[in-house]
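Quick one: this structure, given as structure tokens, is what I'll be asking you about.
For this chain, numbers begin at 1 and follow the sequence in order.
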Amino acid sequence: MANEKTEIMLDSIGMVYKDQGGNDVTALTNVTLDIKKGEFISLLGPSGCGKTTLLRIIADLLHPTSGKITVGGVTPREARLAQRYGIVFQSPVLYDWRTVRRNVMLPLEIMHVPKDEREDIADSMLEMVGLTNFANHYPNQLSGGMQQRVGIARALAIRPEILLMDEPFSALDEFTREKLHIDLLKIWRKTNKTVIFVTHNISESVFLSDRVCVLSPHPGRLSAVVDIDLPRPRTLDMTDTQHFTELVAKVRNSFEGV
């Protein structure tokens, strides 16, 4: 990771919402976690454990019912308004009528960045994700993996400090997912972003992360934080080692009440 400066502080975060019957449902309880600047963190857990809820709280898309969160010393809202977040969702949500380049430029247009500047930024981001030759293609001409790369390029176009990723590779086949793992880690090393990555795939979390934060459900809580001491840069050969297998088992055994 880049350095030891804490960037995101979660202090006793809780989230309670009403179900359709008006009953209280606890999505998260007492989540406390410090995330360092430049760190790659995975939020791992089964469906219903609150990992996406926690990501959305960090992103200022949801507001916790208890606890406190700061991002670089300010509130999530202040961080969002300062464009400190880039977000990649499970679906890339591209506009079919816009070319790949114009999809990447969209947030820059909203921010009223001058045309020449946003074109330069978009081209730079597409080069980073290996899609320079597809800049003038449309989304329906791309594979699922390529579409997700466009989503990553668009999220990075505003030069965020923090990249939030909500199960971005879960719908892809294993071969494409492995390729994107390597691509993502190269981008992470090059840009020095803080990455928070939501997944339900244990091996994926171990391969990518500095730390795996294990959330267990009923109610959603942080049951373990596992340090991943695999050397960097990571290679796919590492997944065949005994140490990788041991780390996967350690993470798997840290779930509570599943």
- request: Taking T32 for its side chain and S12 for its backbone only, find out whether a donor-acceptor pair lies under 3.5 Å.
  value: yes
query: L222, M9: one ILVMFWY side-chain cluster at the under-4.5 Å cut-off?
result: no
query: Tell me, do D116 and P114 make a side-chain contact under 4.5 Å, heavy atoms counted?
result: no
query: Is there a side-chain contact (heavy atoms from CB on, under 4.5 Å) between D210 and R232 once you walk through the steps?
result: CA-CA 10 Å; D210 291 315; R232 295 192 185 275; 3.2 Å; yes
message: Between Q147 (side chain only) and P139 (backbone N and O only), is there a donor and an acceptor less than 3.5 Å apart?
response: yes
field: Check: T29 side chain, P219 main-chain N or O, donor-acceptor pair, under 3.5 Å
entry: no
- prompt: Any sub-3.5 Å donor-acceptor pair from S143's side-chain atoms to M146's backbone N or O?
  reply: yes
Nearest-0.5 Å distance that lies between atom CG in L33 and atom SG in C213: 4.5 Å
message: Can you confirm whether I8 sits close enough to I196 that some side-chain heavy atom of one is under 4.5 Å from a side-chain heavy atom of the other?
response: yes
- prompt: Can you check whether I202's main-chain N or O pairs, donor with acceptor, with S205's side chain at less than 3.5 Å?
  reply: yes
task: Carefully, step by step, assess L44 and L215 under the rule side-chain contact (heavy atoms from CB on, under 4.5 Å).
output: CA-CA 6 Å; L44 174 73; L215 282 86; over 6 Å; no
task: Test N30 against R221 for side chain to side chain donor-acceptor pair (under 3.5 Å), laying out the working first.
output: CA-CA 7 Å; N30 198 33; R221 65 200 182 282; over 6 Å; no
- prompt: With distance as the sole test, does E78 use its side chain to make a donor-acceptor pair with the main-chain N or O of T75 at under 3.5 Å?
  reply: yes
- prompt: Is the backbone of L172 close enough, under 3.5 Å, to the side chain of T176 for a donor and an acceptor to pair up by distance?
  reply: no
query: With no hydrogens and no angle check, is any side-chain donor or acceptor of S124 less than 3.5 Å from a backbone partner on D120?
result: no
field: With sequence neighbours excluded, residues passing ring pair (Phe, Tyr, Trp, His ring centres under 6.0 Å) with F134
entry: H137
query: Got a second to check how far I158's CD1 is from M111's CE, nearest 0.5 Å?
result: 6.0 Å
field: R84 and V74, any side-chain heavy atoms less than 4.5 Å apart
entry: yes
message: Just verifying a value: how many Å separate M105 CE and D123 CG, rounded to the nearest 0.5 Å?
response: 8.0 Å
message: Could you check whether any side-chain heavy atom of R102 comes within less than 4.5 Å of a side-chain heavy atom of R118, counting everything from C-beta outward?
response: no
query: Is any side-chain heavy atom of I69 less than 4.5 Å from a side-chain heavy atom of I58?
result: yes
task: Could you tell me whether K51 and D166 make a salt bridge, using a distance below 4.0 angstrom between a side-chain N and a carboxylate O?
output: no
query: Are any non-hydrogen side-chain atoms of E246 and V248 less than 4.5 angstrom apart?
result: no
field: Any donor-acceptor pair under 3.5 Å from S42 side chain to T199 backbone
entry: no
query: Do the side chains of L164 and L62 join up, straight or via other hydrophobic residues, at under 4.5 Å, putting them in one cluster?
result: yes
task: Report yes or no: do W188 and I228 belong to one cluster of Ile/Leu/Val/Met/Phe/Trp/Tyr joined by side chain heavy-atom distances under 4.5 Å?
output: yes
message: Using only atom types and a distance under 3.5 Å, with no angle test, would you say the side chain of R154 pairs donor to acceptor with the backbone of P92?
response: yes
- prompt: Using 30° and 60° as the class limits, which term best fits the ring planes of F169 and F197: parallel, tilted or perpendicular?
  reply: tilted
message: Could you check whether K36 pairs with E7 (Lys NZ or Arg NE/NH1/NH2 to Asp/Glu carboxylate O, under 4.0 Å)?
response: no
message: Pair E204, R177 - check side-chain contact (heavy atoms from CB on, under 4.5 Å), show working.
response: CA-CA 9 Å; E204 179 174 66; R177 191 165 62 243; 3.5 Å; yes
task: Report whether L43 and M15 are members of the same hydrophobic cluster (ILVMFWY, side-chain heavy atoms less than 4.5 Å apart, transitive linking).
output: yes
task: Could you state whether L236 and L208 fall into the same hydrophobic cluster, counting links through intermediate Ile, Leu, Val, Met, Phe, Trp or Tyr residues with side-chain heavy atoms under 4.5 angstrom apart?
output: yes
- prompt: Any side-chain heavy-atom pair from H112 and E109 closer than 4.5 angstrom?
  reply: no
message: Holding to ring pair (Phe, Tyr, Trp, His ring centres under 6.0 Å), I want the full list of residues that pass it with Y95, two or more places apart in sequence or in another chain.
response: W97
query: Going by heavy atoms in the side chains, are L185 and F40 under 4.5 Å from each other?
result: yes
query: Between the side chains of T132 and E127, does any donor sit under 3.5 Å from an acceptor?
result: no
field: Value rounded to 0.5 Å, distance of CG in L247 from CE in M238
entry: 11.5 Å
statement: Looking only at heavy atoms, the pair that brings T235 and F207 closest together is O-CE1, 3.2 Å
message: side-chain contact (heavy atoms from CB on, under 4.5 Å), that's the test. Do V129 and D183 meet it? Break it down for me.
response: CA-CA 7 Å; V129 300; D183 291 343; over 6 Å; no
